[in-house]
Amino acid sequence: MIEETKITELIVRNAVDDFLENLEVDVVVAGGGPAGLTTARYLAKAGKKVVLFERKLSIGGGMWGGGMMFPRVVLQKGGREILDECNVRCKKFDDLWIADSIECVTKMAAKAIDEGVKIFNLISIEDVLIRGVQNNKNNKEDIKTRICGVVINWTAVQMANLHVDPLSVKSNFVVDATGHEASICHLVVKKVGKLNTKTGDVIGERSMWAEKAESDIMDNTKEVYPGLFVSGMAANAVYGSERMGAIFGGMLMSGKKVSELILEKEKEK
Ligand code: 48F
């Protein structure tokens, strides 16, 4: 017999257990687009406990729509190699590859989940946790502020503009993979302090120049505030580089790079 209340109980208990298991993690990834999914996958593969929060109902960000809703994305060699690991089929044209954007999102997400990434959808990061930590072992007075987690709420609460207090998740690192918006960096500037950009602010992305944008993104992928890294389009938006349109290699390679930077930092600890 199928009892409605049993269905309810199973759903609520299971979801709450999952939530409680992820209150303290190694890395929080903000945003489930191509950069966030790649960052999260590599970190989980390296054995880190990773939780990814996606504001929308579906993960995949701007990848589903390909270029102007033609469901294809273009990649260079480095991006294609990353997609190969997710078994996405790519066709070669000279020194570029093309892939089906729907196949990309579904297979990248499946691979990330298989590696152990915990994805929560319909949750928005609306603030960060910040603490003072001792910068120098020998000097108790030398304190620097550091991001050490996120403040979250249901997206539906935000959309309805309801006055409902949020909850928090602690992490060693946070990755802003929120795309063009760079929403975590914006809120850090507003509430916490200056980023390590030329102006201390989110500089904002420039007009389209695919080649330059794809090369700049690798330099822009870094720690932008203690404990906070940027990955994907957010990196170019924060440091004032160009956008690239429907070529996605940079998103994937940036995602991979940020995972390597975080793993190096973890070793230093
Ligand atoms: O926008 P998005 O796909 O960013 P990305 O991974 O890739 C960029 C490309 O899609 C494309 C491009 C390629 O040339 O330029 O635009 O850098 O994915 C960002 C995700 O973050 C979510 C948002 O819904 C999207 O799915 N997001 C944004 N703000 C928040 C968030 C937030 N505050 N909390 C949780 N998720």
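When a ligand or atom number is given, it counts from 1 through the structure's own listing order.
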Around [atom], find the nearest protein heavy atom and jot down its residue, atom name and distance.
atom	value
atom 17 (O) of ligand 1	M233 N, 2.8 Å
atom 18 (O) of ligand 1	G33 CA, 3.4 Å
atom 21 (O) of ligand 1	G31 CA, 3.2 Å
atom 33 (N) of ligand 1	I125 O, 3.0 Å
atom 9 (C) of ligand 1	F248 CE2, 3.6 Å
atom 19 (C) of ligand 1	A177 O, 3.4 Å

Polar-atom distance check: [X] versus ligand 1, any N or O pair below 3.5 Å?
X	answer
I184	no
S58	no
P34	yes
E181	no
M251	no
A234	no

* Structure fact -> Result for salt bridge (Lys or Arg N to Asp or Glu O under 4.0 Å) between D100 and one of R89, R72, K91 points to R72
Check the surroundings of atom [atom1] in [X]: do more than 12 heavy atoms from other residues, nucleotides or ligands lie under 6.0 Å from it?
X	atom1	answer
K212	NZ	yes
K92	NZ	yes
K56	NZ	no
W209	CH2	no

May I ask you to decide whether [X] forms a salt bridge with [Y], counting only side-chain N to carboxylate O separations under 4.0 Å?
X	Y	result
D17	R13	no
K118	E21	no
K256	E81	no

With atoms numbered from 1 as shown, which atoms in ligand 1 lie under 4.0 angstrom from a non-hydrogen atom of [X]?
X	value
S124	34 (N)
G245	13 (C), 14 (O)
A35	6 (O), 17 (O)
G232	17 (O)
F53	35 (C), 36 (N)
S183	29 (N), 30 (C), 32 (C), 33 (N)
M244	14 (O)

* To do: Measure from the side-chain N and O atoms of K111 to the backbone N and O of C86, and report whether any donor-acceptor pair falls under 3.5 Å.
  =>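 Side chain of K111 to backbone of C86: no pair is present.
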* For side chain to side chain contact (heavy atoms under 4.5 Å, CB included), just list the numbers for M108 and R41, CA-CA rounded to whole Å, side-chain angles, deciding distance to a tenth of an Å, and then say yes or no. => CA-CA 8 Å; M108 284 169 66; R41 175 169 71 83; over 6 Å; no
* Asked: Going by the angle between their ring planes, with limits at 30° and 60°, are F120 and F53 parallel, tilted or perpendicular?
  ->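 Ring orientation, 0 to 90° scale: parallel.
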* For D84 and V88, work out which heavy atoms get closest and say how close. =>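 Residues D84 and V88, closest heavy atoms: OD1-O, 4.1 Å.
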* Structure fact -> Shortest non-hydrogen pair, K265 vs F229, comes out as CG-CZ, 4.1 Å
* Do V50 and I152 share a hydrophobic cluster, counting only Ile, Leu, Val, Met, Phe, Trp and Tyr and linking them when any side-chain heavy atoms are less than 4.5 Å apart? ->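 No, V50 does not connect to I152 through the hydrophobic network.
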Is [X] near ligand 1, meaning one of its heavy atoms is under 4.0 Å from it?
X	result
A30	no
I247	yes
E54	yes

Minimum non-hydrogen distance to [atom], winning option of [options]:
atom	options	answer
atom 28 (C) of ligand 1	T178, V230, V150, L187	T178
atom 4 (O) of ligand 1	A213, A210, G179	G179
atom 12 (C) of ligand 1	R55, K56, Q158, H180	H180
atom 2 (P) of ligand 1	A237, A235, G62, A246	G62

* To do: Test the K222-Y239 pair against the cation-pi criterion, namely NZ or CZ under 6.0 angstrom from the six-membered ring centroid and within 45° of the ring axis.
  =>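 Output yes; distance and angle both within limits.
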* **Proximity to ligand 1 by part of I123, non-hydrogen separation under 4.0 Å** =>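 For I123, only backbone atoms sit under 4.0 Å from ligand 1.
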